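Presented below is the structure to which this report refers.
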Amino acid sequence: MPLALLALAVGAFGIGTTEFVIMGLLPEVADDLHVSIPTAGHLVSAYALGVVIGAPLLAALTSRMSRRTVLIGLMALFVAGNALSAFAPGYDSLMAARFLSGLPHGAFFGMGAVVATTMVAPERKARSVSLMFLGLTVANVVGVPAATLMGQHLGWRATFLGVSAIGLVAIASLALLIPHDHAHAPVVGLRRELAALKSLPVWLALGTTVAGFGALFSAYSYITPMLTDAAGFADGSVTLLLALFGVGATVGNLVGGRLADHSLRGTLFGGLTSLAAVLALFPLLMSTEWTAALAVVLLGVAAFVTGSPLQLMVMEKASAGPSLASSANQAAFNLANAGGAWIGGLALAAGFGATSPALAGAVLAVLGLGVAATAVTVDRRRSVPGRERVVATHVPHEAEALQH
């Protein structure tokens with residue numbers, strides 16, 4: 001694997017850290033800015049909104065630019081957003097800075113996935129994407145806990161300055177390691193990128209992402225009350241257990257990348273089936289502490305096995321213009337975050353019990369399987385040629401583009 005993937009992973013590490021660290025610093029932020037914790041929680045939504053809006057918008061605006069230049073520019077925007085967060089004088093300005101920080105998130109992962117697949121042989125494309133995503137999963141194991149401790153001891157503003165420093169390291173890594181000959185895309189243009197999004201298979205792939213990762217976030221958003229109320233863990237143990245989820249996610253991401261290079265659809269169907277099974281077993285697994293800890297690890301593994309296959313499937317279906325669709329898939333991940341949390345909350349509010357969000361997630365995973373199966377049926381009817389796992393790295397001829 002080329003060393004340039006390390007540069008993408010460093011950027012992913014910084015983005016993953018800033019996305020999730022705010023959740024652990026809400027009390028400090030609320031106290032310093034004199035707002036309630038629920039009000040401070042809107043900072044999470046502001047970031048997610050930035051991701052959803054920024055992913056397709058920035059991908060569209062940069063469709064004719066060098067991918068290497070775009071990646072560096074996106075990280076510069078990321079650094080600016082986090083630096084502004086550190087120096088925000090009040091709540092409103094921090095909200096704006098968090099929105100700005102979220103703008104480059106989806107476009108970076110979307111563009112980074114396209115660049116990663118151009119630097120390796122066809123049989124290693126899924127692994128290249130999984131190595132970029134490795135930065136995101138490791139952030140949950142190392143970056144978020146470390147940044148949270150920094151914020152609790154040095155103040156929350158120090159955390160965002162630290163994340164800005166990670167962004168600067170990522171910029172230097174991208175400039176040094178991303179080769180020019182792999183970073184310049186053929187001129188695709190916005191029209192062809194938008195045309196690729198008109199394809200039904202693309203939307204079915206995006207729908208699979210929303211349902212599949214909605215299943216994860218339906219349960220993960222309420223993992224703390226499950227661990228404390230159902231499994232009986234003390235509040236102080238939750239941080240360690242969430243780190244175990246990060247370990248599971250890291251393992252699942254690496255395993256999923258390897259398996260997807262052999263069978264993209266097989267890995268996707270296997271991952272979604274495993275996710276549905278794990279979530280369905282949550283009420284049983286949460287009955288004792290050791291099985292609850294195992295459930296947290298298995299949840300991370302099962303969910304992130306599907307990460308690379310879902311990203312590659314969207315890129316494959318939009319091979320005439322993969323950058324915009326790849327970035328749109330990152331917006332779909334964040335829609336899954338918001339939608340899954342909402343559905344899990346409905347189950348909890350209805351009084352179905354502490355583990356009911358996991359059962360709601362199991363239903364969403366089955367729905368994801370249904371959408372993926374529909375995509376397979378559509379592909380067969382259209383008789384789309386080409387190998388399953390190959391992602392185009394060139395602009396097809398007009399006749400080929402129409403097939404997508």
Side-chain angles (χ1 to χ4, degrees), residues 51-52 55-56 106 109-110 113-114 117 125-126 129-130 133 136 196-220 249 252-253 255-257 259-261 263-280 299 301-319 322 324-344 360-382 384 386 388-391 404:
V51 177
V52 173
F109 279 107
V114 176
T117 58
K125 289 183 182 294
V129 174
S130 71
F133 283 152
L136 180 64
L197 284 180
K198 295 180 181 179
S199 167
L200 177 59
V202 171
W203 285 101
L204 289 172
L206 292 173
T208 305
T209 295
V210 173
F213 269 79
L216 165 65
F217 287 110
S218 178
Y220 187 67
N253 174 56
V255 170
L259 293 178
D261 277 327
S263 175
L264 191 153
R265 285 176 178 157
T267 304
L268 178 59
F269 278 94
L272 288 173
T273 301
S274 300
L275 181 59
V278 169
L279 290 171
L299 178 63
V301 174
F304 279 85
V305 159
T306 64
S308 298
L310 284 170
Q311 190 71 38
L312 278 176
M313 183 167 290
V314 171
M315 292 164 61
E316 175 197 72
K317 302 307 177 187
S319 57
L324 182 56
S326 181
S327 297
N329 195 47
Q330 296 302 311
F333 277 119
N334 277 267
L335 287 175
N337 189 338
W342 176 68
I343 291 173
V363 174
L364 287 174
V366 172
L367 177 61
L369 280 168
V371 177
T374 302
V376 172
T377 301
V378 170
D379 280 353
R380 286 175 177 170
R381 288 180 178 178
R382 293 188 173 199
V384 178
E388 178 184 89
R389 65 174 179 262
V390 174
V391 178
H404 293 273

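Note that the coordinates shown come from a computational prediction; the quantities given were computed from them, not determined experimentally.
- Side-chain atoms of T208 come within 3.5 Å of backbone N or O of L204 as a donor-acceptor pair.
- In this structure, F133 has its ring center closer than 6.0 angstrom to the ring center of F109.
- Between N253 and S130, the side chains place no donor N or O within less than 3.5 Å of an acceptor N or O (distance only, hydrogens not considered).
- In this structure, OH in Y220 is found 9.0 Å from CG in L299, a value given to the nearest 0.5 Å.
- When ring centroids are compared, F304 and F213 come within the 6.0 Å threshold.
- Counting all heavy atoms, side chain and backbone alike, V314 lies closest to A205 at CG2-CB, 3.6 Å.
- Here the shortest heavy-atom pairing between A55 and G106 reads CB-CA, 3.8 Å.
- In this structure, T209 OG1 and M313 CE are separated by 9.0 Å, a value rounded to the nearest 0.5 Å.
- Of the inter-residue distances, the one linking L364 atom CG with L369 atom CG reads 11.5 Å to the nearest 0.5 angstrom.
- Between T306 atom OG1 and L259 atom CG the span is 12.0 Å, to the nearest 0.5 Å.
- Between P201 and V378 the shortest heavy-atom distance is CG-CG1, 4.2 Å.
- S263 contributes no side-chain N or O that, together with a main-chain N or O of A260, makes up a donor-acceptor pair within less than 3.5 Å.
- Between L264 and L312 the shortest heavy-atom distance is CD1-CB, 3.7 Å.
- A distance-only check finds a donor-acceptor pair linking the side chain of D261 to the backbone of A126 [under 3.5 Å].
- Formation of a donor-acceptor pair under 3.5 Å by the N334 side chain with backbone atoms of Q330 is found in this model.
- Counting all heavy atoms, side chain and backbone alike, G361 lies closest to A215 at O-CB, 3.0 Å.
- Although no hydrogens or angles enter the test, the distance criterion places no donor-acceptor pair under 3.5 Å between the side chain of S308 and the main chain of G256.
- Nearest approach of F217 to N337, heavy atoms of both residues: CD1-CA, 3.5 Å.
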